[in-house]
Amino acid sequence: MKVGVLALQGDFREHLLSLENCGVTGLAVKRHDEISQVDALIIPGGESTTISKLAKTFGLFELIRDRISSGMPVYGSCAGMILLSREIIDPASGQDSFGGLDIVVRRNAFGKQVDSFESDLDFKGIEGGPVRAVFIRAPWVESHGPEVEILASVQVSNLSHPVAVRQGNVFATSFHPEISGDFRVHKYFIDQICSKAQK
Ligand code: GLN
């Protein structure tokens with residue numbers, strides 16, 4: 001199974017290391033032919049506006065959007081979640097998303113860079129105790145359609161905000177497991193989504 005990590009911008013190297021820790025050799029991909037050939041794709045954290053603009057500049061936007069809508073397993077962390085959303089609240093000008101998840105996301109929902117934080121989250125489908133989650137100018141899911149499964153949430157002022165979601169083969173977290181050293185989220189993607197999609 002070829003798992004690509006979109007390497008236009010952001011922390012794609014950390015995702016490659018996380019995959020390595022799960023026993024999977026990922027491929028950094030940024031060319032049309034490379035993205036056409038992967039079986040699954042990870043969209044890293046970084047800056048969603050920049051990733052969306054670079055994808056358009058390099059003629060990759062439609063390819064990625066079409067591969068996702070044809071069922072390719074995909075995982076987006078943080079900026080990657082924004083890029084998988086149906087709608088973005090507060091988008092930058094010229095910012096578009098690939099879609100795949102029937103969610104509306106709020107960018108920078110938890111505040112500015114200085115409001116970044118870490119937390120331990122109960123994660124549906126992941127065993128062995130709470131998952132360590134690092135939030136850096138993270139989005140949250142503001143609303144979602146009926147097919148979206150909520151896997152983890154964060155409480156802010158008595159309100160629960162989804163921060164990990166899945167819809168079929170499309171999976172996203174608003175936090176960065178690739179930098180926490182907790183590789184169970186990548187393992188979940190590989191075992192529960194990629195491996196099952198191949199059968
Ligand atoms: N705030 C960033 C954005 O809008 C995401 C931050 C991140 O990926 N850590 O794209």
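None of the values given here were measured: they were computed from a predicted structure. Atoms within a ligand are numbered from 1 in the order they appear, just like the ligands themselves. The chain is numbered in sequence order, starting from 1.
- Although no hydrogens or angles enter the test, the distance criterion places no donor-acceptor pair under 3.5 Å between the side chain of S52 and the main chain of Q95.
- Around CD of Q113, the count of heavy atoms belonging to other residues, nucleotides or ligands within 6.0 Å exceeds 12.
- Residues Y75 and H186 place their aromatic rings such that the two centres sit under 6.0 Å apart.
- By the neighbour-count criterion of 12 heavy atoms within 6.0 Å, atom CD of E147 is sparsely surrounded, having that number or fewer from other residues, nucleotides or ligands.
- Ion pairing between a basic and an acidic side chain is recognised when a charged N comes within 4.0 Å of a carboxylate O; D96 and K56 show such pairing.
- Ligand 1 lies under 4.0 Å from heavy atoms of G45, G46, E47, S48, C78, A79, I82, R107, N108, I136, R137, H176.
- Between F171 and F189, the ring-plane angle classifies as parallel under the 30° and 60° cut-offs.
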